[in-house]
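As the structure lists them, so they are numbered: ligands from 1, and atoms in each ligand from 1.
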Amino acid sequence: MNEPAPRPVRAVVASRKAQPAPGLVVDRPFPGPEVDFVDPWLMLDHFGPERIAPGEAGGLNPHPHRGFETVTLMLEGAMEHRDSSGGRGLIEPGGVQWMTAASGIVHAEYRAPALVREGGTLQGVQLWLNLPRTRKMDPPGYQDLPAARIPVVESPAARVRVVAGEHAGVHGPARSFTPVTLLHVLLDARGGVAVRLPEGHNALVYSVEGIAEVQSIPVPARSMALLDRAGEAVTLVAAGQAAQLLVLAGAPIGEPVVSWGPFVMNTREEILQARDDYLAGRLGSLDT
Ligand code: MN
């Protein structure tokens with residue numbers, strides 16, 4: 001059998017600090033001056049690890065979204081979620097919340113009550129995933145994917161958690177509107193794994209923790225390797241210490257992206273409409 005053709009690393013991009021809300025500082029490899037978005041992935045925000053003292057409440061007050069999906073992967077600690085479609089739940093370590101804002105949702109994201117009571121560490125990643133024009137005005141939805149529902153592909157020094165898409169014949173539980181891959185890869189100090197990626201899909205590897213060699217190119221923690229679109233597979237190897245990585249891929253949607261704050265549409269007129277609809281209460285509300 002032929003070795004799959006490797007996907008070269010096109011660029012290594014470090015995160016910049018961003019402040020999506022008052023008091024919330026995140027590391028963000030994109031969007032930024034180097035890379036605007038990686039179609040269909042619009043944003044990667046890595047929050048924490050942040051030490052929370054007992055009694056220290058916090059989070060994001062009710063706010064709207066329209067036109068895309070938010071995908072939150074909790075790594076440490078827990079968050080509580082409430083939204084205007086009646087969705088409610090705890091996102092716990094290893095768990096993923098896949099929220100389809102589509103035509104509109106208002107939600108709040110707070111530190112979980114137990115975390116506030118006892119203190120602890122909070123760390124996670126929030127991704128924004130675009131929707132195609134034909135799906136932007138669909139009804140909103142919500143997928144709660146606790147760690148137990150996410151299959152793990154084990155090899156001697158690597159574990160690959162398959163959230164969406166496929167790895168080594170194992171399919172992730174997340175439903176998406178366009179084909180995407182989301183893998184959470186945990187490598188031991190001498191671990192490595194080869195990941196096949198669908199032909200023609202955009203793809204990137206983000207290092208949450210540890211230095212990884214992506215196609216033999218070192219990628220420091222909190223940086224991403226943007227991969228060439230040509231090629232079939234990427235090789236990930238830990239560089240002497242344990243590493244934790246995310247692999248994101250997806251079929252490019254190829255439509256205009258016009259974004260303003262929490263709204264991502266195709267035209268400026270649609271953004272103004274989203275703002276008007278939100279201000280008129282048409283994106284729903286939360287009784288807090
Ligand atoms: Mn939000």
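- Among Val160, Val170, Val163, the single residue meeting the side chain to side chain contact (heavy atoms under 4.5 Å, CB included) criterion with Pro151 is Val170.
- Salt bridge present: Glu50 and Arg111 bring a charged side-chain N and a carboxylate O closer than 4.0 Å.
- Checked against the Mn ion (ligand 1), the N, O or S atom of His65 at the shortest distance is NE2.
- Closest to the Mn ion (ligand 1) among the N, O or S atoms of His107 is NE2.
- Checked for salt-bridge contact, Arg149 and Asp144 miss the test: no charged N lies under 4.0 Å from a carboxylate O.
- Between Tyr142 and His81, the two ring planes are parallel [angle under 30°; tilted spans 30° to 60°].
- The atom of Glu109 that is an N, O or S and sits closest to the Mn ion (ligand 1) is OE1.
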